[in-house]
Amino acid sequence: AGKRHELVCGHAKHRQAERLVELLEKSGIPYNTRRKINTLDLPLIRNLRQMLEYFAAEFQHPNSGEYLLFQILHFPFFQLHPDGLARLSLYQARFDWSQRPSWRELLADGPALEKIGLEVPAALRRFIDFHNHMLREYNSLSAPAFVERLINRSGLLKYVLGHERK
């Protein structure tokens, strides 16, 4: 094995450290910091929080979490291809604003999805099944049971367990 190299980096402000830590994280470079990391701000935890926010909004008022759904579709553990999501977005944008289908309506429209011709239809089918299941389960589960089901059914747990940096 080669020699271990160490680098010390000083900074004046916490904001600078956050950017550096984010860069090191993305690059897979190990680091040490005196400041404790807020686990609620880690990317996968933010994804989980965003899904919780979405389902809570959708339960209260259908389509009120619409602005979150497109972002959720891009979460890595759903394995949806960005090109396919872009095609979905372009298809939706063709409609006049007053007649534009919501993301939920679009995901439920089988003929439209076939017409668009997505590259990974199985992944989208899994997402749609997950989405519909979680909407049905929202009111019938306790909060901890809902979070557990969300983590398991979304593929988040499988993604984390299969990731090289568990």
Side-chain angles (χ1 to χ4, degrees), residues 14 18 21-22 24-26 28 33 35-95 97-166:
H14 178 64
E18 286 176 352
V21 166
E22 188 176 326
L24 292 170
E25 281 275 329
K26 286 181 181 178
T33 179
R35 186 167 268 266
K36 298 293 180 204
I37 296 171
N38 183 352
T39 55
L40 293 175
D41 289 331
L42 293 173
L44 289 175
I45 302 301
R46 274 185 287 175
N47 292 165
L48 176 62
R49 290 173 43 212
Q50 192 167 353
M51 288 191 296
L52 288 168
E53 182 182 350
Y54 168 76
F55 285 112
E58 286 297 303
F59 181 75
Q60 294 299 318
H61 302 286
N63 296 325
S64 64
E66 185 81 0
Y67 67 101
L68 296 167
L69 187 52
F70 186 68
Q71 294 172 15
I72 290 170
L73 287 165
H74 286 85
F75 291 170
F77 44 90
F78 289 123
Q79 299 177 330
L80 296 169
H81 199 280
D83 291 343
L85 296 175
R87 280 198 298 253
L88 277 171
S89 185
L90 288 171
Y91 175 82
Q92 187 189 43
R94 291 180 185 156
F95 291 90
W97 187 256
S98 62
Q99 297 178 0
R100 184 173 295 172
S102 68
W103 278 101
R104 281 179 69 177
E105 292 169 335
L106 182 57
L107 292 173
D109 188 349
L113 295 176
E114 284 182 29
K115 182 179 173 183
I116 297 168
L118 299 176
E119 292 176 16
V120 189
L124 186 59
R125 172 58 39 214
R126 282 191 304 273
F127 177 84
I128 293 167
D129 291 344
F130 155 75
H131 178 263
N132 292 338
H133 177 79
M134 296 311 296
L135 285 172
R136 284 191 304 272
E137 295 287 310
Y138 185 83
N139 199 33
S140 62
L141 296 173
S142 66
F146 184 81
V147 171
E148 179 184 356
R149 184 123 346 136
L150 189 66
I151 290 169
N152 288 323
R153 292 273 177 131
S154 66
L156 175 59
L157 181 61
K158 183 179 178 181
Y159 177 80
V160 169
L161 292 176
H163 201 274
E164 71 268 4
R165 289 181 44 217
K166 298 177 193 175

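Predicted, not measured: the structure shown is a model, and the values here were computed from it.
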Between CD of Glu137 and CG of Asn132, what distance do you get to the nearest 0.5 Å? 11.5 Å
Determine whether a donor-acceptor pair (N or O, by modelled atom type, separation under 3.5 Å) exists between the side chain of Ser89 and the backbone of Leu85. no
ring-ring contact (aromatic ring centres under 6.0 Å, His included) test vs Trp103 passes for just one of Tyr91, Phe127, Phe70, Tyr67, namely Phe70
Here the salt bridge (Lys or Arg N to Asp or Glu O under 4.0 Å) pairs for residues 97-109, sequence neighbours left out, are Glu58-Arg104
Check the angle between the aromatic planes of Phe130 and Phe55 and answer parallel, tilted or perpendicular using the 30° and 60° thresholds. perpendicular
As an exercise, state the distance from CG of Leu73 to CD1 of Ile128, rounded to the nearest 0.5 Å. 9.0 Å
Arg87 vs Asp83, test: salt bridge (charged side-chain N to carboxylate O under 4.0 Å, His left out). Steps then yes/no. CA-CA 6 Å; Arg87 280 198 298 253; Asp83 291 343; over 6 Å; no
Plane angle bin for Phe146 and Tyr138 - parallel if under 30°, tilted between 30 and 60°, otherwise perpendicular: perpendicular
Measure across Ala123 and Leu80 and return the closest heavy-atom pair with its distance rounded to 0.1 Å. C-CD2, 3.5 Å
Partners of Glu66 by side chain to side chain donor-acceptor pair (under 3.5 Å), sequence neighbours excluded? none
Look up atom CG in Leu150 and atom CG in Leu52, then write down how far apart they are to the nearest 0.5 Å. 5.5 Å
What are the two closest non-hydrogen atoms of Asn63 and Ser102, and how far apart are they? OD1-OG, 3.4 Å
Holding to salt bridge (charged side-chain N to carboxylate O under 4.0 Å, His left out), I want the full list of residues that pass it with Arg153, two or more places apart in sequence or in another chain. none
Could you walk me through whether His133 and Arg149 satisfy the side-chain contact (heavy atoms from CB on, under 4.5 Å) test, starting with their C-alpha distance in whole Å, then the side-chain angles of each, then the deciding distance to 0.1 Å, before giving a yes or no? CA-CA 10 Å; His133 177 79; Arg149 184 123 346 136; 3.4 Å; yes
Main chain of Ala57, side chain of His61: is a donor-acceptor contact present, judged purely on distance under 3.5 Å? no
Once the angle between the rings of Phe77 and Phe75 is folded into 0 to 90°, is it parallel (under 30°), tilted (30 to 60°) or perpendicular (over 60°)? tilted
Taking all heavy atoms of Phe78 and all of Ser154, pick out the closest pair and write down the distance. CE2-O, 3.3 Å
Enter the distance from His81:NE2 to Leu88:CG here, rounded to the nearest 0.5 Å. 13.0 Å
Hey, can you tell me if Tyr54 and His131 have their rings parallel, tilted or perpendicular (30° and 60° cut-offs)? tilted
Please tell me if the side chains of Pro76 and Asn47 come closer than 4.5 Å, counting only heavy atoms from C-beta onward. yes
Which is it for Phe59 and Asn139 under the side-chain contact (heavy atoms from CB on, under 4.5 Å) test, yes or no, and what are the steps along the way? CA-CA 8 Å; Phe59 181 75; Asn139 199 33; 3.4 Å; yes
Applying side-chain contact (heavy atoms from CB on, under 4.5 Å), run through Leu69 and Leu107 and close with a yes or a no. CA-CA 11 Å; Leu69 187 52; Leu107 292 173; 4.1 Å; yes
Please evaluate residues Arg49 and Arg46 with respect to the criterion side-chain contact (heavy atoms from CB on, under 4.5 Å), reporting the C-alpha separation (whole Å), side-chain torsions for both, the decisive distance (0.1 Å), and the verdict. CA-CA 5 Å; Arg49 290 173 43 212; Arg46 274 185 287 175; 4.0 Å; yes
Would you compute the distance between atom CD of Glu53 and atom CG of Leu68 and round it to the nearest 0.5 angstrom? 5.0 Å
